[in-house]
Number of protein chains: 2
Amino acid sequence: MDIQLKRGLLDVCVLAAIKNEDSYGYKIIKDMKPYIELSESTLYTILKRLESAGMMTVRTAEHDGRLRKYYRITETGRKRIEEFKLEWKEVISVYQFVIKEDNHE
Amino acid sequence: MDIQLKRGLLDVCVLAAIKNEDSYGYKIIKDMKPYIELSESTLYTILKRLESAGMMTVRTAEHDGRLRKYYRITETGRKRIEEFKLEWKEVISVYQFVIKEDNHE
DNA sequence: TGTAATACATCGTATCACGAAGTATATAGC
DNA sequence: GCTATATACTTCGTGATACGATGTATTACA
């Protein structure tokens, strides 16, 4: 997918990836892969950003002798998803404008 | 609309604004306004970018004693719109992922 | 006379996705 | 034991780009 198009989707996608259960970086990438691909450097940047924005909280836990950082969505994060749904109406209207075929010619 | 979300839409929107008839900067902004707003500095940057990419051609014409730059879409520009339509399927799939409500809990 | 609308241009800034590179452990195959 | 692959997270530099601020001009209208 075009990188510019991704910009508006990635943040909310990552939030969606943890909205039903806590998850961690590596798993988030794999879960999102069928829908939208992103590199590790991109994801970890996003996770940090969303945490700073209070949209998720982190806890570190050991798993098979390795540390994992589990992310949990907050109420603010859920609100972001709801806002996105509202914004989607505008997106659809833009899409209609783009594909509209005028016939005044 | 969120600035990040706009990034994937603006270029193709500007192309759509001239796809049925040649237009110029000031008019493009007004035509797009009901769907998506953008500042003049943004538009003129986009116009230059799309011209460099061979998606539109320009001609300068006088109108009421003032110069106007009229933009015309090229075949490459029309192809860009068609690509966007194809990409839209992916966008919809991402949207479905975001709004999906799992019930395995 | 002055104020808004029309019309285009340039500059600096902040945001952000990405590739490259690095660190470290676990596991499976040979 | 050794090697490759998967897992897991981090940092750094770069390029793309939307925007506000600012500037230049002309026309139209009150």
Side-chain angles (χ1 to χ4, degrees), chain A residues 1-15 17-18 22-33 35-53 55-56 58-71 80 84 87 90-91 94, chain B residues 1-15 17-18 22-33 35-53 55-56 58-71 80 84 87 90-91 94:
Chain A
M1 185 186 295
D2 173 65
I3 181 174
Q4 302 307 325
L5 211 40
K6 281 167 110 174
R7 280 172 110 99
L9 305 172
L10 282 180
D11 274 34
V12 87
C13 250
V14 171
L15 285 171
I18 61 165
D22 296 2
S23 191
Y24 55 95
Y26 211 76
K27 183 164 189 295
I28 292 172
I29 288 177
K30 285 203 290 185
D31 288 344
M32 286 174 60
K33 194 155 189 161
Y35 305 97
I36 192 166
E37 291 191 44
L38 78 174
S39 67
E40 293 181 57
S41 61
T42 299
L43 177 67
Y44 291 111
T45 305
I46 292 174
L47 289 173
K48 215 166 276 176
R49 183 164 68 231
L50 292 176
E51 198 208 335
S52 299
M55 301 208 185
M56 37 174 75
V58 198
R59 78 190 141 84
T60 303
E62 203 179 309
H63 178 83
D64 287 339
R66 247 189 311 224
L67 289 180
R68 271 186 190 162
K69 293 175 81 172
Y70 285 91
Y71 295 86
R80 176 72 190 86
F84 177 78
E87 258 188 318
E90 293 175 57
V91 173
V94 168
Chain B
M1 187 185 294
D2 174 64
I3 180 174
Q4 302 305 325
L5 210 40
K6 281 167 111 172
R7 280 177 188 251
L9 305 171
L10 282 180
D11 275 33
V12 87
C13 249
V14 170
L15 285 171
I18 62 165
D22 297 0
S23 189
Y24 55 94
Y26 211 76
K27 182 164 189 296
I28 293 171
I29 288 177
K30 285 204 290 185
D31 288 344
M32 287 174 59
K33 194 153 188 162
Y35 306 97
I36 192 167
E37 292 190 44
L38 78 174
S39 68
E40 292 180 59
S41 62
T42 299
L43 177 67
Y44 291 112
T45 304
I46 292 174
L47 289 172
K48 217 166 274 177
R49 182 162 70 231
L50 292 176
E51 198 207 335
S52 298
M55 301 209 185
M56 38 174 74
V58 198
R59 79 188 140 83
T60 302
E62 204 180 309
H63 177 85
D64 285 341
R66 249 189 308 226
L67 289 180
R68 272 187 189 161
K69 293 176 81 171
Y70 285 91
Y71 295 87
R80 177 70 191 88
F84 177 78
E87 258 188 317
E90 293 175 58
V91 173
V94 168

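Reminder, nothing fancy here: chain letters follow the sequence lines and each chain counts from 1.
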Return a single string for nucleotides 3-14 of chain D, one symbol per nucleotide in 5' to 3' order, where B is base contact, S is sugar-phosphate-only contact and - is none, cutoff 4.0 angstrom on heavy atoms. ---BBBBBB---
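- Protein atom CZ of B:Arg49 is 17 Å distant from nucleotide atom C1' of C:dC8, rounded to whole Å.
- As a whole-Å value, the separation of A:Leu9 CG from C:dC18 P is 12 Å.
- Along DNA chain D, the nucleotide closest to B:Asp64 and the one closest to B:Glu37 are compared, and the more 5′ of them pairs with B:Glu37.
- No side-chain donor-acceptor contact under 3.5 Å links B:Glu51 to the backbone of B:Val58.
- Distance, A:Leu10 CG to C:dT15 C1': 13 Å, rounded to whole Å.
- Between the CD1 atom of B:Ile3 and the P atom of D:dA16 there is a distance of 17 Å, rounded to whole Å.
- Side-chain nitrogen and oxygen atoms of B:Arg7 include none within less than 4.0 Å of the OP1 or OP2 phosphate oxygen of C:dT15.
- Evaluation of the salt bridge (Lys or Arg N to Asp or Glu O under 4.0 Å) rule for A:Asp22 yields A:Arg59, A:Arg72 as partners, not counting sequence neighbours.
- Partners of A:Ile29 according to the side chain to side chain contact (heavy atoms under 4.5 Å, CB included) rule, which considers only residues two or more places apart in sequence or in another chain, are A:Leu38, A:Glu40, A:Leu43.
- To the nearest angstrom, C1' of C:dA17 lies 9 Å from CG of A:Leu38.
- Computed from coordinates, the A:Leu5 CG to D:dA16 C1' distance equals 15 Å when rounded to whole Å.
- Taking the salt bridge (Lys or Arg N to Asp or Glu O under 4.0 Å) definition, one finds that A:Lys69 meets it with nothing, sequence neighbours left out.
- Each salt bridge (charged side-chain N to carboxylate O under 4.0 Å, His left out) pair with one or both residues in residues 24-33 of chain A, not counting sequence neighbours, appears once here: A:Lys27-A:Asp31.
- Applying the ring-ring contact (aromatic ring centres under 6.0 Å, His included) criterion to A:Tyr70, with sequence neighbours excluded, gives A:Tyr24.
- Rounded to whole angstrom, the span from the CG atom of B:Asp31 across to the P atom of C:dT6 amounts to 12 Å.
- Dashed line: the shortest gap from a side-chain N or O of A:Thr42 to OP1 or OP2 of C:dC18 is under 4.0 Å.
- Here the C1' atom of nucleotide C:dA17 and the CG atom of A:Asp2 are 11 Å apart, to the nearest Å.
- Between D:dA18 and B:Gln4, no contact under 4.0 Å exists linking OP1 or OP2 to a side-chain N or O.
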Show your working on side chain to side chain contact (heavy atoms under 4.5 Å, CB included) between B:Leu47 and B:Ile28 and close with a plain yes or no. CA-CA 10 Å; B:Leu47 289 172; B:Ile28 293 171; 4.1 Å; yes
